[in-house]
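Values below: all heavy atoms of this structure, side chains included; hydrogens, waters and symmetry mates excluded. Counting convention: from 1, in listed order, for ligands and their atoms alike.
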Amino acid sequence: MNISNTHNVLHVEIKLKPGNTRIETIENQLKSELNCFFENNKNYLSESEIIVNEQHGPNIQMHVKSISIDGNSFSTINPPPIVYHIYRPHTRNVEVEMFQDNQEEGGEEVPASNHWLLPSHSFDGLWENLIYEDNLKENLLKFAESSLVFSAHNVNQNVISCNRIVLLHGPPGTGKTSLCKAIAQKLSIRLMSTYKFTHLIEINSHSLFSKWFSESGKLVMKLFTKVREIIAQPKSLVCVLIDEVESIAYARESMSGQEPKDAMRVVNALLTQLDSIKESPNVLILATSNLASNIDLAFLDRADIKQHIGLPSVRAIYQIYVSMLRELMRVGMIHEKPIQQFQDGADVCILKLAKSSVGVSGRTLRKLPFLAHAMFMGSAILPIDLECFVQAMQSALDKHLTDQRLLEGKPNNN
Ligand SMILES: Nc1ncnc2c1ncn2[C@@H]1O[C@H](COP(=O)(O)OP(=O)(O)OP(=O)(O)O)[C@@H](O)[C@H]1O
Ligand SMILES: [Mg+2]
C-alpha cells in the first residue's frame, strides 16, 4: 500500500499541460529536472507557486503548466523530503444523473447527482482561492488523508473508530461546498500513487426529497447502486458529497400527516446506504450544512469531524480582496501596482475596506468587484487606478449593507 505518512514531507504538485504524452513516460525526467532545479534554488521551496521559465529543464518547459508547493512553513536550509505529484487535470465535463420524480408518464426530471473524475479542470485553483485562518483547510485535508491511511491499513473499526465522514457547517456563502470539492481535488492529486482514479459524486439531497416522489426510497437505492459500482472499481477513491444534509432532517420533521412513510423510507434508505458504503476503505463522505441545529442526529452522530466554517476575519477578507484586485491587474482592468501583504503593514485603503466588510460572507465579497464596476465604474477608461477602484468597492459594499438592513426590516442608518 502506497499511502504513507504524508504529513512530514514537502508536497510539490506538478500540473501538466493538456496532451497525450503518458505521465509514466516523462515522470522520471521531470523529477530529475526538478531535483536539479531545487538543489540549486532552495529558496524557491518556500514559494507557493513557481512560474515555469527558461531556468527549468527542457521537459519541464515542454510539458509543465504550473508547479505549486505545499504552503507549510519549514526551514529552506534543511527542508523535509520532497514528494512529487504529477498530474494532468481531466477535461471531461460533469456527468449529471437525472431521475424522474414521478414514475408515471410526464414526470419531471430532476438532477439526482453530479459526477466528476478528479483531478478536474473545473476545480483548478479552487483550493488556492479559498482563504481561511489557522490552517483550517490544511488541517481538514490532513484529517481526510489520515482517515484514508487508517482504512487502507484495515484498522479494526471496533477498536479504533473512524467513519470517514466530515461535516462542514456554518453560515451561507462561507465556502463549505467549495471546500469539500477542493479537498476531494487535493486528495486526488496527493493520493494518485494509491488511487489511480478519484471520483466525486455530489448527491442532490433536495431532489431526493421532492414532494412528488412516490418511490423515493427506491430511487436512493438506484443512486447508490451506481455509487457502489464505482467503489468496486480497483484503485478508485470515491468522495461522496452530500450538500445541505439538513434537508434529511427536514424530511423527518415534515413526516406529519397522512403520508409520512415515504419520507421516512428515504431517510432510512440514505442512512443505511451511507453505513454500507463506508464499510469500503476507499470511500470518504463529505457533508455540508448551514443549519447545523436541524441536522438529523443519526447523521450527526456518524460524523468524525464537525467543523464550523465561519465568516471570514479581517485578515482573510484582506487576502480575498488582494487576490481579486491582482486578478483585475492581470487582465489589465486595473493599473499594475504592488500591494502590501496584510502582515507587512497592509495597504491603507484596502485595509479600511476589509475592516468595514467584517460580517459579510465570502460569496458576497467575491461579487463586490463586479458590482463596483457595474454600479460606479461602468464608463471609466481602462485601466483604472487601484485607489479609485477600491473606493468604488467601498461604495458597492455600503450599498450592499444598506440593502441588507432593509431586507431584514431594520432602519437605514445612513
Ligand atoms: N473563505 C473564503 N475564501 C475565499 N472565497 C470564499 C470564502 N468563502 C466563500 N468564498 C467564495 O464564495 C462562493 C460561495 O461558496 P460556497 O457555495 O462554497 O459556499 P457555501 O458555504 O457552500 O454556501 P451555502 O451555505 O449557501 O451553500 C465561492 O465562490 C467561494 O469561492
Ligand atoms: Mg453550499
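- Checking Gln340 against Asp347 by side-chain atom types alone, no donor-acceptor pair falls below 3.5 Å.
- Protein residues lining ligand 1, listed by chain and number: Asn129, Leu130, Ile131, Tyr132, Pro172, Gly173, Thr174, Gly175, Lys176, Thr177, Ser178, Glu244, Asn290, Ile320, Gly362, Arg363, Arg366 [non-hydrogen atoms, distance under 4.0 Å].
- In this structure, a donor-acceptor pair under 3.5 Å is absent between the side chains of Glu202 and Ser113.
- Ring pair Phe37/Tyr44: centre-to-centre distance below 6.0 Å.
- Excluding waters, the count of protein N/O/S atoms less than 2.8 Å from the Mg ion (ligand 2) comes to 1.
- Leu34 has its side chain within reach of Ile14: a pair of non-hydrogen atoms, C-beta onward, lies under 4.5 Å apart.
- Across all their heavy atoms, Leu365 and Met324 have their closest contact at O-CE, 3.1 Å.
- Under 3.5 Å, the side chains of His90 and His121 contain no donor-acceptor pair of N or O atoms.
- The pair Arg190-Glu13 meets the salt-bridge criterion, since a charged nitrogen lies less than 4.0 angstrom from a carboxylate oxygen.
- Side-chain polar atoms of Ser276 and Arg228 form a donor-acceptor pair below 3.5 angstrom.
- Side-chain atoms of Glu133 and Ser313 form a donor-acceptor pair, as typed in the model, at a separation below 3.5 Å.
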